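This report concerns only the one structure given below.
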Amino acid sequence: MVQESNISLQLFASGYCEAHANIVNPLEGKGKTKFYAVWALLQIPNLGYILFDTGYSNQFNKATQSFPERLYRWATPVTLTDNNTAKALLEAKGIHANQIKYVIISHFHADHIAGLNDFTNAQFICHRDAYEEVKELSGWKAVSKGILHKLLPENFNSKVLVLDEIADHIVVNQYGITEYQLFGRSEFRLIYLPGHAKGMLGFMYENEKQAIFYATDASWSYETYARGILPRKVVKLFFDSWNDFVETQAKIKAFELANEHYKILFTHCKKTLKYINNEI
Ligand SMILES: [Zn+2]
C-alpha cells in the first residue's frame, strides 16, 4: 500500500554540454549529443524547499577560466542562458534562492553542482565517500575526476552534512541497493549508486500517482542501459570504478524488472527531458 504523500517533486534542466554520441553508444552513436543538466526541486511540508543538484550556472565559466580547469570546458562545452539557471527558474516560480534549505549533491561533477554558490542559506548533503574525495584531491588530479573546487562555496566545509550521519534509516534492499531515509519521510529516499563517481547518489520518489527512480549518471541513456550497451571505455579515465558502474546498472535492472510501475530516469537522458516536458 502506497502511503499518502504530500511531498511535491519537479524536475528542471539548467543548460547542457555537448559530447560525442559514440561515447554514450559506441555501437551506433553518431555526431554530437546534448547532455542536459537536470536537477530536482522538492517541497516537504513543515520543512521547506530542497534541491537535488543544481545543473549548470554562470559560475561554470568563471571556474574554468584558467588551467587546469579550462580543460574541463574544452572537454564539455556548455550552453546556458541567464534565464534557465536553477536560481532563475526558481524565481520564475516565486521561490527565492535563499528559501532553499538544503541542496543534496548527487556527486561533485560541474554539471550537477555549478549552482551551489547561488543558495547561500542552504546546507549541503552528500555521501561520505564523495565528500572525502573532494577533500583529498586537488589540482590536476581533482580536475581529472571532474571536480572543480572553485564551484564550492567558500564556507562549504561548515555547511556540509554527511548523509550517513543525518539519515533516519539506512537499508540495503533485496536488490542490493542501499537506500537512505531522511527528513522523517519514507516516500523520498536517497539511493547509493557507486561507479560513475565516488559516493554518487540518486533518489526514489513514490506517491499515489507516480513512482520515479532517478538514477543520476548510473547511465547517460535509458536506451543503452536497457539494451546493455556500455559507454566507450575511454570514460574509465574519469569514472571512479568501472566494475561498480556495471554492477550498479545490474542492480537497477533487477529493481526495474520487479517494480515495473517505477520510471527509471537518468540525469542526461532524452527520456528525462520528455518527462520534464510532460510527454511521458
Ligand atoms: Zn552528469
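Remember, predicted model here, so these are calculated numbers, not experimental data. The figures that follow rest on heavy atoms only: side chains count, while hydrogens, waters and symmetry mates do not. In each ligand, atom 1 is the first atom listed, and ligand 1 is the first ligand listed.
Contacts classified as salt bridge (charged side-chain N to carboxylate O under 4.0 Å, His left out) and involving residues 23-47 (residues at least two apart or in different chains) are given here: E28-R227.
The side-chain heavy atoms of E165 and R128, taken from C-beta on, include a pair separated by under 4.5 Å. Looking at L163 and L201, their side chains come closer than 4.5 Å, going by heavy atoms from C-beta outward.
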Table please: side-chain donor-acceptor pairs of residues 231-240 below 3.5 Å, with sequence neighbours left out.
| unit_1 | atom_1 | unit_2 | atom_2 | d |
| --- | --- | --- | --- | --- |
| R232 | NH1 | N22 | OD1 | 3.2 |
| D240 | OD1 | K198 | NZ | 3.3 |

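Excluding waters, the count of protein N/O/S atoms less than 2.8 Å from the Zn ion (ligand 1) comes to 4.
Think of M200 as one node in a network of Ile, Leu, Val, Met, Phe, Trp and Tyr side chains linked at under 4.5 Å; its network also takes in Y175, I177, I191, L193, M204, F213, Y222, Y225, I252, F255, Y262, I264, F266.
Here F35 and Y16 keep their ring centres 6.0 angstrom or further from each other.
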